[in-house]
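Chain A is the first sequence line, chain B the second, and so forth, proteins listed ahead of strands; every chain is numbered from 1. Given the structure is predicted, the values throughout are model-derived calculations rather than measurements.
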There are 2 protein chains.
Amino acid sequence: MLDFAVLGLLMERARHGYELKRALGELGFWKVSFGSLYPALRRLEKRGAISAVSGTGRRKAYQITDEGLKIFDTLLKADPDASETERAFQIRLAFLGHLPRERRVQVLEGRRTKLSTNLKSAREILIDARSNTENQDRYRLALMEHAMATTESDIAWLDGLVAAERGVASQN
Amino acid sequence: MLDFAVLGLLMERARHGYELKRALGELGFWKVSFGSLYPALRRLEKRGAISAVSGTGRRKAYQITDEGLKIFDTLLKADPDASETERAFQIRLAFLGHLPRERRVQVLEGRRTKLSTNLKSAREILIDARSNTENQDRYRLALMEHAMATTESDIAWLDGLVAAERGVASQN
DNA sequence: TAAAGCATGTAAGAGGTTACATGATTGG
DNA sequence: CCAATCATGTAACCTCTTACATGCTTTA
């Protein structure tokens, strides 16, 4: 997962560890720690996915290798399995531009389906909870309602992305 | 964290493992696994926080003990530290009703402050990214924008909860 | 020349998941 | 009586964080 994100960032250009941490943080959903990042870099180097191209001073910049490109491609193309994390999906999304259009739409719609399913079961649980008149904590209800609203907004957002893909499609 | 959630659920009534898993799942943000839950139960029992009151058949129901109540109280009252997870906050929220009103407002406003800070830095990064005309991936931008919108909606929601507390306050 | 920030790295451990093993209970 | 679901439990392992250790580089 972290490996995937690192490879994705190195697709654009060589970067050193510190820079990768910043770039990852700027994606907004993950402030990865050095204790996680540096071991990941060595792991990737050992696999031959990246290679060090020494930077200025103490910096150790890495570039992606042909082997790394292959690995990145495999990770990107693999259909996201059902248990894909929130984070994993966001990383996939961050690099979705590297996928051909039909593939992109597939990923987005797969996610949409999953969220719809979640939403449906959340709705049922909420109805149940509300009819269970006594004793239902109002914070718990507020939490559930807000989660549902957020999911609905996520779905609408995904629909927007898909629509944009299709819109572009007619011009491509 | 899991311990906290388990204690919180056992505050209401005795429950067995399977039931705890379901209840936790119904909160909406965490489908905990058995491999995590059962060891947690034994851990809590060893600490004297819960005790088994045998249920029907194979079921092993647990109830919270006086010691468990103390632990739950401590966990609930501790000011959430800066690195509190999303999940940890949601659990805290699920049991916020057990806290006195002023404390509740404190927790909500603490969270609001954190989200505001995040939002501010996200906005700066986004402005930066947009002015960096070339090469900024559109999916990355969409991701950042959506994250910002979600955070804004979360803040508005928190404001609503705080307003509700204050509204109730004048009647209590 | 000291402080602040940049940069890399390791060890320990927190906090989970997956996969497996086992068996009871219920419904068609 | 068979399948599905309920129910408990263990072992292996994965992923990431925290805390620590180290030293370079820039700037006031």
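Arg15(A) forms no cation-pi arrangement with Tyr62(A), by the criterion of a distance under 6.0 Å to the ring centre and an angle within 45° of the ring axis. Seen from the ring of Phe89(A), Arg111(A) counts as a face-on cation partner, given the 6.0 Å and 45° thresholds.
Atom P of nucleotide dG15(C) and atom CG of Leu24(B) are separated by 15 Å, given to the nearest angstrom. Separating the NZ atom of Lys31(B) from the P atom of dT17(C) is a distance of 12 Å, rounded to the nearest angstrom. One atom, CD of Glu84(B), and another, P of dT17(D), lie 16 Å apart when rounded to the nearest Å. At whole-Å resolution of the value, CD in Glu86(B) and P in dG16(C) are 15 Å apart. Put simply, CG on Leu37(A) is 15 Å from P on dT18(D), counting in whole angstrom units. One interatomic measurement links the two molecules: CZ of Arg87(B) to C1' of dT15(D), which rounds to 13 Å at whole-angstrom precision. One interatomic measurement links the two molecules: CG of Leu20(B) to P of dC6(D), which rounds to 15 Å at whole-angstrom precision. Across the protein-nucleic acid pair, Asp81(A) atom CG and dT18(C) atom P stand 9 Å apart, rounded to whole Å.
Between Phe72(B) and Phe4(B), the ring planes are tilted. Angles from 30° to 60° get that label.
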| request: For each nucleotide in nucleotides 1-7 of chain C, reading 5' to 3', give B when a protein heavy atom comes within less than 4.0 Å of its base, S when such contact involves only the sugar-phosphate, and - otherwise. | output: -----BB

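Here Lys21(A) lies out of heavy-atom contact (under 4.0 Å) with every strand. If you check every strand for non-hydrogen atoms under 4.0 Å, Arg43(A) touches nothing.
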| task | Please step through side-chain contact (heavy atoms from CB on, under 4.5 Å) for the pair Phe34(B) and Lys21(B), ending with a clear verdict. | result | CA-CA 8 Å; Phe34(B) 288 123; Lys21(B) 179 171 154 60; 3.1 Å; yes

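In this model, the phosphate group of dT10(D) is approached by a side-chain N or O of Arg42(B) to a distance below 4.0 Å at OP1 or OP2. Residue Ser33(B) places at least one side-chain N or O under 4.0 Å from the OP1 or OP2 atom of dT17(C). OP1 or OP2 of dT17(D) has at least one side-chain nitrogen or oxygen of Trp30(A) nearer than 4.0 Å.
Side-chain contact between Met144(B) and Met148(B) is absent, with no heavy-atom pair separated by less than 4.5 Å.
Looking at residues two or more places apart in sequence or on another chain, you find no side-chain hydrogen bond (donor to acceptor under 3.5 Å, both in side chains) involving Glu45(A).
Remark: side-chain polar atoms of Thr65(B) are paired, donor with acceptor, to backbone N or O of Ala49(B) under 3.5 angstrom. Looking only at distances, a side-chain donor or acceptor of Arg104(A) sits under 3.5 Å from a matching main-chain atom of Leu99(A).
Two end axes, each from the C1' atoms of five base pairs, can be drawn for the helix from dT1(C)-dA28(D) to dG28(C)-dC1(D); they diverge by 30°, to 10 degrees.
Shortest non-hydrogen contact noted between Asp3(B) and Ala40(B) is OD1-CB, 4.0 Å.
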